[in-house]
Q: 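One structure follows; several queries about it will come next.
No experiment lies behind these values; they were computed from the predicted model shown. Read the numbers this way: they start at 1 and go in the same order the structure lists the ligands and their atoms.
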Amino acid sequence: MSATTIFLLLLVAAGALVFAGIVAVAVRRGAGAEPLTAADLDREALRRDRSAATLRGAEGTATAPASTATEAAPGPEAPGEAETTDEPSTAPPPDPALERVTVDEAEYGVTRRQFFNRALLAVWTLFLAQFGLFSLAFMWPKLKGGFGTKVNAGKLDDLKEKLFDGATVIPQHVNAAQAWIVPFPLELLEKVEGNSFAGLPSVVAGGEADGIGVMAMWHRCVHLGCRVPECISSQGFECPCHGSKYNIHGEYEAGPAPRNLDRFAVEVNEAGELIIDTGTIYQTPRARAKTAEYPQGPFCI
Ligand code: FES
């Protein structure tokens with residue numbers, strides 16, 4: 001499993017934890033909710049209630065004297081009663097806005113807090129669903145192919161045709177495998193005593209018919225990991241970062257690199273296609289005996 005896959009899985013796990021936390025808080029709040037009272041109303045609603053109550057009180061005060069006067073008008077048959085009815089009451093009328101009135105949930109509907117909690121939950125759910133889908137879509141091709149797995153580089157015969165321009169080798173790059181493909185005469189494995197590849201038959205494939213096999217070398221410099229380009233003029237690979245140089249077979253020639261370029265296991269399947277196993281990497285020490293001449297022309301760097 002690649003580092004990117006692990007990172008994405010951790011990210012999904014973290015998102016799931018946050019989501020679970022939000023759900024737990026929302027459930028707890030819902031379970032512990034008390035019946036709603038006037039105190040739960042927001043300030044704006046309370047202010048409006050008070051304004052309405054004040055208006056109602058003002059209207060009552062304006063109509064009260066007339067009715068009181070009418071009721072208290074002395075009749076000819078009860079002259080003494082007018083004195084007791086005209087006395088104003090000293091107790092202030094109760095302010096309805098200050099009374100605590102219990103409002104049940106059905107009457108009140110959805111509170112602002114509930115609305116925001118539900119909106120937050122919906123947004124998080126949507127975000128996590130999208131994130132999960134995109135993560136799966138991103139990882140899906142990696143599970144079936146790509147770097148770290150076996151990569152099909154195409155027909156070996158087609159590759160071999162492109163590898164030579166007369167006597168000059170033209171290394172072929174396979175992006176999906178991050179690899180350079182170069183030709184390698186099989187006889188060199190036996191002929192060059194002390195070469196780096198003796199005992200590693202998996203690093204060369206093909207060549208049963210014409211004696212020319214191929215190698216797949218990781219394009220990553222073994223010094224600090226820069227991508228190493230080919231140099232056609234010198235017939236080798238030259239790292240632009242700190243100047244390490246390798247010959248056409250990726251054997252160390254110069255610079256701070258501690259070993260040869262790393263290479264992958266290769267094989268040719270029944271369909272005649274070159275399969276590069278990027279999950280199997282071979283590291284080889286600096287060559288005691290080189291299998292290629294270097295340089296064969298001017299350096300590129
Ligand atoms: S990274 Fe290639 S020489 Fe340093």
Side-chain angles (χ1 to χ4, degrees), residues 1-8 142 145-151 153-154 159 162-165 167-185 188-189 192 194-205 212-266 274-301:
M1 192 179 287
S2 71
T4 309
T5 309
I6 293 171
F7 172 73
L8 282 170
K142 294 287 181 190
F147 191 77
T149 65
K150 290 189 175 183
V151 174
L159 273 171
K162 299 177 191 166
L163 280 174
F164 292 101
D165 180 11
T168 305
V169 173
I170 312 291
Q172 298 297 306
H173 192 257
V174 179
N175 286 329
Q178 302 182 13
W180 284 111
I181 307 292
V182 293
F184 190 90
L188 295 178
L189 289 173
V192 180
N195 72 77
S196 304
F197 316 113
L200 296 177
S202 307
V203 299
V204 189
I212 304 294
V214 293
M215 277 183 168
M217 299 182 301
W218 196 359
H219 68 201
R220 180 177 172 274
C221 182
V222 296
H223 178 222
L224 290 179
C226 290
R227 186 184 184 281
V228 186
E230 83 281 36
C231 178
I232 303 297
S233 59
S234 68
Q235 286 288 274
F237 298 88
E238 299 173 7
C239 182
C241 294
H242 312 101
S244 287
K245 293 182 170 62
Y246 312 86
N247 66 25
I248 201 68
H249 294 153
E251 292 165 319
Y252 170 85
E253 293 284 353
R259 60 180 186 271
N260 301 330
L261 283 178
D262 295 335
R263 52 212 70 219
F264 302 116
V266 284
L274 178 68
I275 306 299
I276 305 172
D277 183 0
T278 54
T280 306
I281 300 170
Y282 291 100
Q283 295 183 353
T284 53
R286 291 181 177 184
R288 279 191 292 118
K290 310 285 176 56
T291 57
E293 186 187 336
Y294 182 84
Q296 299 181 31
F299 295 120
C300 294
I301 57 170

Q: Mark yes or no for whether R288, through its side chain, and R286, through its backbone, hold a donor-acceptor pair below 3.5 Å.
A: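 Side chain of R288 to backbone of R286: no pair is present.
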Q: Does any part of the side chain of P285, heavy atoms only, come nearer than 4.5 Å to the side chain of R259, both counted from C-beta?
A: no
Q: Atoms of ligand 1 less than 4.0 Å from C239 heavy atoms?
A: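 Those qualifying, in numeric order: 1 (S), 2 (Fe), 3 (S).
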Q: With ring centroids as reference points, do H173 and W180 lie under 6.0 angstrom apart?
A: yes
Q: Report, in ascending order of atom number, the atoms of ligand 1 lying under 4.0 Å from any heavy atom of C221.
A: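 In order of number, 1 (S), 2 (Fe), 3 (S).
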Q: Return yes if some donor-acceptor pair links the side-chain N/O of E238 with the main-chain N/O of I301 below 3.5 Å, else return no.
A: yes
Q: Can you list the ligand 1 atoms lying under 4.0 Å from a non-hydrogen atom of C226?
A: 1 (S)
Q: Report, rounded to 10°, the angle at atom 4 (Fe) of ligand 1 between the two atoms ND1 (H242) and ND1 (H223).
A: 90°
Q: Report, in ascending order of atom number, the atoms of ligand 1 lying under 4.0 Å from any heavy atom of S244.
A: 3 (S)
Q: Within 2.8 Å of atom 2 (Fe) of ligand 1, is there any N, O or S atom belonging to C241?
A: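 No.
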Q: Tell me if the centroids of the rings in W218 and Y282 come within less than 6.0 Å of each other.
A: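 No - the distance between ring centres of W218 and Y282 does not fall below the 6.0 Å cut-off.
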